[in-house]
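Counting begins at 1 with the first residue of the sequence.
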Amino acid sequence: MNIRHRFWILLAAAPLLGAMAGCGSTPQAALDQANHGAALTAALDAELKALRTAQASVAQSRLDSIRRLNTSVAQYDAEAAFDERVQKAANKPAHAQLYKTLQELGDSRAKDEEALLAALAQADADYAKLLAPAPDPSGQLQATRQALMALSEQLSVKERLALTAGFAKTVRKAVKDQKEEQGSTP
């Protein structure tokens, strides 16, 4: 690299380095915006937790109400079926046949109860799937809050100069690589 080329690079980089060293601080508006963003994510996290608690309470209340209604309907159906079978059995004259019929009715009543319990268990499983809570975003909110807090911190002059020097090295390497690439192509 010739002397003129270096001179122009240093001349162009000097104001940039001077500006970076002289600035010494991040604009207050940027710091305030990062602080407000972090505070808003913290408030959002708290509000989401309150919302989840309220949703869970409402969902449980709905589930209990539906369960009570389903239980009432199933019990009514089971009792109506049993009552109907008893009425049919009462019209039969033979006592032995009546005894056998009543025994079958007792067994059928037990099966009705089993069917009721199975139906209620299936309903509970369906409701549990339906009312499963949404995923909790608090981990992502915490990461966002930490990133915003990092942006709200003031960089020292030394850190700014180190970042500028790193940027200059990257640019210098890219220019050098490009020159080498241009020199190797015919």
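For the side-chain contact (heavy atoms from CB on, under 4.5 Å) with Arg67, the qualifying choice from Leu63, Leu69, Asn70 is Leu63, the only one to do so.
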message: Checking Arg109 against Glu79 for the side chain to side chain contact (heavy atoms under 4.5 Å, CB included) test, could you report, in this order, the C-alpha distance in whole Å, the side-chain angles of both residues, the deciding distance, and whether it holds?
response: CA-CA 8 Å; Arg109 179 66 172 183; Glu79 288 176 13; 3.6 Å; yes

query: Arg62 and Ser65: side chain to side chain contact (heavy atoms under 4.5 Å, CB included), yes or no, with the steps?
result: CA-CA 5 Å; Arg62 287 180 180 164; Ser65 177; 5.7 Å; no

- request: Report the C-alpha separation of Leu44 and Leu48 in whole Å, then their side-chain angles, then the decisive distance to 0.1 Å, and conclude whether the side chain to side chain contact (heavy atoms under 4.5 Å, CB included) test is met.
  value: CA-CA 6 Å; Leu44 176 62; Leu48 283 174; 4.0 Å; yes

query: Which is it for Asp177 and Lys173 under the salt bridge (Lys or Arg N to Asp or Glu O under 4.0 Å) test, yes or no, and what are the steps along the way?
result: CA-CA 6 Å; Asp177 292 345; Lys173 184 180 181 313; 2.9 Å; yes

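Of the possible donor and acceptor atoms, none in the side chain of Ser57 sits under 3.5 Å from a partner among the backbone N and O of Thr53.
Atom-to-atom distance recorded for Gln33:CD and Leu40:CG is 10.5 Å, nearest 0.5 angstrom. Put simply, CG on Asp77 and CG on Leu116 are 9.5 Å apart, with the number rounded to the nearest 0.5 Å.
There is no side-chain donor-acceptor pair under 3.5 Å between Tyr127 and Asp64.
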